[in-house]
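For reference, the structure discussed in these notes is given below.
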Protein chains: 2
Amino acid sequence: MDKNNEIAGIEKSMIQNQNKTVVKSMELLNLFIDHERLSLNEMVELTKMPKTSIHRMLGSLEGMGFLQRGEDGKFSLGLLFLQFGQLVSERLDIRQIALPEMSALRDKVEEAVNLIVRDGKEAIYIEKLDTPHPVRLYTKIGRRSPLYAGACSRIILSFLEEKEREQYLREVELVPIGRGTITDRNELRKTVADAREKGYTISYSELENDTVAVAAPIFDHMGRLHAGISIAGPQERFTEERLPALIAQLTAAAERISRALGWRRAKRS
Amino acid sequence: MDKNNEIAGIEKSMIQNQNKTVVKSMELLNLFIDHERLSLNEMVELTKMPKTSIHRMLGSLEGMGFLQRGEDGKFSLGLLFLQFGQLVSERLDIRQIALPEMSALRDKVEEAVNLIVRDGKEAIYIEKLDTPHPVRLYTKIGRRSPLYAGACSRIILSFLEEKEREQYLREVELVPIGRGTITDRNELRKTVADAREKGYTISYSELENDTVAVAAPIFDHMGRLHAGISIAGPQERFTEERLPALIAQLTAAAERISRALGWRRAKRS
DNA sequence: CCTTTCTGTTCCGAATTTCGGAACAATCGT
DNA sequence: ACGATTGTTCCGAAATTCGGAACAGAAAGG
C-alpha cells in the first residue's frame, strides 16, 4: 500500500561511538515498520544475523516493552510506544499552536492540510487534517519522507540554512518515489531557489501519483525555519485557476502561525 | 498534574537473560516520562549511574532516534516515537472496531468514554473520547494504571483467567493513588467477585479524586477478555438515579463490540 | 505411530565491549 | 580572569556479548 518503506532507516555511517548491541536491536525494531508480526526465524532471514544474537536481543526488547510476543510466539510492537508516542505528540507545542489555523484552513479550502517538521534528512508529518468527506482516518502521522521529495519536504529544505542546504543538495541521492519525483540535481536546485524566492512550492505526483501539494514555511521567533504546512489533494481539484487562491490562503495561514510563534518580519536572505 | 508517575516502570526482577546495556538505556528513556528535557548531568543525578556510561548510552539512543538533542545540548524524546506510536495505534484493530460504538455511547451519555487493554500488570488506555463540551483534548492515550485501581482496570482484572487473577490478588501491593483507591486485599477480592457476577464495576475516586467511572468487559471470539470500556466523569453527574441507565447503555455497547469481535455467548465461570 | 522438519532455547569458551575513574576541554557566570 | 559547571576523551580491568553447535518441543508428513 505504501511505496516508501526503507525510508525510515537510519544512516549507519557517520556514527562512531555507539553501543553495537543497541544499534542491532534497532535494526530489529525497524523490521516492524514493514511487518506487523514477526517470528524469530523470520527475523533471522530478514537480517542475516545469527539466531542466538537475535534471540538474546528479543529477550531484552521484550523485557523493556518495545516488543511483545503473542500467544503464537510471534512478536509485535509493544504498547509502550503508545505511551511515548503520545508524550512526544503532546510536547510538540508547534502542533497546539498550528492546529486552529490548520483547521480553519481545511474548512476554507476543503482539502487535506498537513503539518511537517524536519528530522535529520527527512521530513516527518506531525499533524494531518483530512478533508471532511471520507471517514476521518487516523492517517500517517509519523510518516517520513526525504527532504527532496514532495512540496512539504522541499519547503523545509528550501529554507534551511544555506550551508546545510548546499551540503544536502550536493550529497543527496535522488531516488524516485512517485511519477513526478525530481531526480535531477539541477532541477531540484532550481525548484528550491524558486521556493525561497516565492515563499511557497508546488509538487505534482512527487510522493504519491496524481496528488498535488502546495507548501509554505513556518518560522519561529528567531526567524529560523520551524515547520512546514501544506495543502494536498487529487490533481483534478488543483486547477490552474484555483491555485492562486489556495496559495494565498496557505501562505496567510503560515504567516499567522509564524507570528503566533513570535516571528516578526520576513527575513531577506 | 499527574499523580502516577513511576507506574510505568518495568519489573526489574524475574528477567534473567537480558542485555544489560539495553535495559539501562531503557532506564534513561523512562526518565523522559516525567521530564520533558534533560541534560546529561541531570540524568547522572537522577539515575546515579556513572557519567561516562550515560554519555555512551545517550550516544546510542540519539543515533537510533529515540532521543534528540536540542541546540542547548539537552535531550528530549525523538520523533521516532511518533512513527512507532502511530504504527501501534493503527495495528490495534480493537480500536477500529470499538470506535463507532464508543462514539455513539459518548453522544448518548455525554460523558467521557475510554477503551483499555491489559499490558502485563497494568491497564493502558488505547482510546479516549472526551465529552464534547471542553475543547477536544488529546488526552492521555497511552496512560497506564495498575490493575487494582479504577473501574477500567478492575474490570480487566476481574475477568482474567482464574489462576492469573488469584496470583495477582495474592501478590499485588496495594498503593493508594486517589482518595478512594482500594487498599484492602479482602475488599478488593470482594469487589472483583462482584464485578464478575454483575458484569460491570464502579469506582469512586480511585484514580482521580471526585471522579466516578463505570466499566464493562469486552471479549474476543475465543471468549477471552480482550479489553475494557468505561464511562467516566465528575461525581456530581453520576447520581444514584442515573447510574442504572448508564450501566445499561455501557454493557449494551460492550456486548455489541464483543459480538463485532466474533464473541458468541456469555461464558459462565 | 514413528520420522522428519522446523522453530525456539540453552550451553560455553573465546573475544570483543562495556565499565568507570580520572584527566581534559569547553562554556558559562561573575 | 577566574572558578564552577557541563560535556568529552582515554585507557586498563572486568564483564558481557558472540555465535556455532547441540538440545528440546512442536508441527507436518508418511
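Labels below follow one simple rule: chain letters A, B, ... track the order of the sequence lines, proteins then strands, and each chain is numbered from 1. All values derive from a computational prediction rather than experimental measurement.
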For the pair made of [atom1] in [X] and [atom2] in [N], what is the distance, rounded to whole Å?
X       : N      : atom1 : atom2 : value
A/Glu45 : C/dC6  : CD    : C1'   : 11 Å
B/Glu71 : C/dC28 : CD    : P     : 13 Å
B/Leu58 : D/dT6  : CG    : P     : 15 Å
A/Lys48 : D/dG19 : NZ    : P     : 15 Å
A/His55 : C/dC6  : NE2   : P     : 20 Å
A/Glu42 : C/dT7  : CD    : P     : 8 Å
A/Lys24 : C/dT16 : NZ    : P     : 13 Å
A/Leu46 : C/dT7  : CG    : C1'   : 16 Å

Of B/Met57 and A/Asp72, the one whose closest DNA chain C nucleotide lies more 5': A/Asp72

Bend angle of the helix from C/dC1-D/dG30 to C/dC28-D/dG3, from helix axes over five pairs at each end, nearest 10°: 50°

C/dC19 phosphate, OP1 or OP2, under 4.0 Å from B/Arg56 side-chain N/O: yes

Distance below 4.0 Å between B/Asn41 side-chain N/O and D/dT5 OP1 or OP2: no

Heavy atoms from other residues, nucleotides or ligands near CD of A/Glu171 exceed 12 (cutoff 6.0 Å): yes

Taking the six-membered ring for Trp and the full ring for Phe, Tyr or His, determine whether the centres of [X] and [Y] are under 6.0 Å apart.
X        : Y        : result
B/Phe66  : A/Phe84  : no
A/Phe81  : A/Phe32  : no
A/Tyr148 : A/Tyr168 : no

Lys/Arg-Asp/Glu bridge criterion (N-O < 4.0 Å) met for A/Glu166, A/Arg189: yes

A/Glu42 and A/Lys74 ion-paired at < 4.0 Å: yes

Heavy-atom pair with the smallest gap, counting every atom of B/Arg196 and B/Ser158: NH1-O, 2.8 Å

Options D/dG7, D/dC10, D/dG19, nucleotide nearest the side-chain atoms of B/Leu40: D/dG7

B/Ser53 side chain, from C-beta outward: closest of D/dT8, D/dG20, C/dC19: C/dC19

Heavy-atom donor-acceptor pair, B/Lys51 side-chain to C/dG20 base, under 3.5 Å: no

Quiz item: B/Ser39 side-chain donor-acceptor pair to D/dG7 base, under 3.5 Å: no

